[in-house]
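In this text, all values refer to a predicted model and were calculated from it rather than measured experimentally. By convention here, the first residue in the shown sequence is residue 1.
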Amino acid sequence: QVHLVESGGGSVQVGGSLSLSCVVSGATDCTYLMSWFRQTPGDERRFVSGITSGGDPTYPNYLKSRFTISQDNVKKMINLQMNSLKVEDTGMYYCKFQCFDNGAATGAYWGQGTQVTVSS
């Protein structure tokens with residue numbers, strides 16, 4: 001089983017920066033994608049960024065120039081560097097570990113979330 005623990009959230013003013021981390025533990029032999037999602041009260045979780053096991057990142061177009069996802073295979077973690085933060089970036093940020101078997105999604109794992117609050 002895979003376990004994920006997020007950290008790095010906090011409160012920041014508009015234009016500020018935060019760096020989130022997601023530490024991966026446990027064992028799995030699956031091909032995987034890791035992603036960051038954001039959720040606000042009353043809304044569904046929305047995709048923020050993703051990264052393949054090979055290190056290829058993806059972002060929504062509106063975040064591509066402000067957020068950077070990366071991985072550290074030695075420390076077994078992924079990071080999300082968030083710059084030029086906006087009020088609409090506020091939310092609970094969750095780390096997701098999605099397993100695939102020959103292209104088909106199998107098990108998915110979520111962390112507990114870390115809160116990001118951006119104030120004007």
Side-chain angles (χ1 to χ4, degrees):
Q1 187 174 2
V2 174
H3 299 273
L4 308 172
V5 179
E6 303 98 329
S7 63
S11 297
V12 65
Q13 294 183 11
V14 169
S17 299
L18 286 172
S19 181
L20 308 183
S21 297
C22 175
V23 177
V24 181
S25 62
T28 181
D29 61 354
C30 70
T31 300
Y32 65 90
L33 295 176
M34 294 194 70
S35 303
W36 289 97
F37 285 73
R38 181 183 67 245
Q39 185 171 26
T40 56
D43 201 3
E44 65 181 6
R45 293 183 185 183
R46 304 299 182 103
F47 175 79
V48 173
S49 183
I51 191 166
T52 70
S53 58
D56 295 324
T58 58
Y59 312 90
N61 287 335
Y62 77 99
L63 290 174
K64 186 173 294 184
S65 64
R66 298 192 295 115
F67 287 14
T68 303
I69 190 170
S70 62
Q71 66 182 19
D72 186 332
N73 289 324
V74 175
K75 297 182 178 180
K76 303 298 183 182
M77 68 168 60
I78 63 167
N79 298 281
L80 185 68
Q81 178 65 47
M82 304 186 294
N83 298 322
S84 302
L85 284 163
K86 303 177 180 180
V87 172
E88 54 263 42
D89 296 323
T90 293
M92 185 72 74
Y93 282 72
Y94 295 91
C95 181
K96 181 183 181 182
F97 186 104
Q98 175 69 63
C99 286
F100 294 86
D101 184 6
N102 293 320
T106 56
Y109 305 87
W110 293 89
Q112 83 285 356
T114 185
Q115 178 68 39
V116 171
T117 303
V118 185
S119 301
S120 62

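No side-chain N or O of D101 forms a donor-acceptor pair with one of T106 less than 3.5 Å apart.
Considering every non-hydrogen atom in both Q71 and S53, the closest pair reads NE2-O, 3.3 Å. Between P57 and I69, the shortest heavy-atom contact is CB-CG2, 3.5 Å. Minimum heavy-atom separation, Q115 to T90: NE2-CG2, 4.2 Å. Taking both residues in full, the closest heavy atoms of G113 and M92 are given as C-SD, 3.6 Å, listed atom of the first, atom of the second, then distance. Nearest approach of F47 to G50, heavy atoms of both residues: CZ-N, 3.3 Å. A105 and Q98 make their closest contact through CB-NE2, 3.6 Å (heavy atoms, listed as atom of the first residue, atom of the second, distance).
No side-chain heavy atom of H3 sits less than 4.5 Å from a side-chain heavy atom of V5. Contact annotation: the side chain of I51 approaches that of I78 to within less than 4.5 Å [non-hydrogen atoms, C-beta and beyond]. Looking at C95 and W110, their side chains never come closer than 4.5 Å, going by heavy atoms from C-beta outward.
Using a 4.0 Å cut-off between charged nitrogen and carboxylate oxygen, D89 and R66 count as a salt-bridge pair.
Residues F97 and Y32 place their aromatic rings such that the two centres sit under 6.0 Å apart.
Within the model, atoms OH of Y59 and OG of S49 stand 4.5 Å from one another, a figure rounded to the nearest 0.5 Å. Annotation: the span from N79 atom CG to E6 atom CD amounts to 12.0 Å, rounded to 0.5 Å. Atoms CE and OG1, from M82 and T68 in turn, are 11.0 Å apart once rounded to the nearest 0.5 Å. In this structure, the separation between OG on S70 and CD on Q81 is 8.5 Å, given to the nearest 0.5 Å. Going from atom OG1 of T31 over to atom CG of N102 covers 7.5 Å, rounded to the nearest 0.5 Å.
The number of heavy atoms from other shown groups lying within 6.0 Å of CG (D43) is above 12.
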Item checked: CA sep, side-chain torsions, deciding dist, call: T117, V12, side-chain contact (heavy atoms from CB on, under 4.5 Å) -> CA-CA 6 Å; T117 303; V12 65; over 6 Å; no
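For the pair R46 and W36, the cation-pi criterion (under 6.0 Å, within 45° of the ring axis) is not fulfilled. A cation-pi arrangement, defined by a distance under 6.0 Å to the six-membered ring centre and an angle within 45 degrees of its axis, is present between R45 and Y94.
Each of V2 and V23 belongs to its own hydrophobic cluster when Ile, Leu, Val, Met, Phe, Trp and Tyr are linked at side-chain heavy-atom distances under 4.5 angstrom. The hydrophobic clustering, which links ILVMFWY residues whose side-chain heavy atoms are closer than 4.5 Å, places Y93 and M77 apart. V24 and F37 fall into different hydrophobic clusters, defined by Ile, Leu, Val, Met, Phe, Trp and Tyr side-chain heavy atoms under 4.5 Å apart, directly or through other members.
Residue pairs satisfying the side-chain hydrogen bond (donor to acceptor under 3.5 Å, both in side chains) criterion with at least one member in residues 7-17, sequence neighbours excluded, are listed as follows: S17-N83. Screening residues 34-65 for disulfide bond (SG atoms under 2.5 Å apart) gives no qualifying pairs among residues at least two apart or on separate chains.
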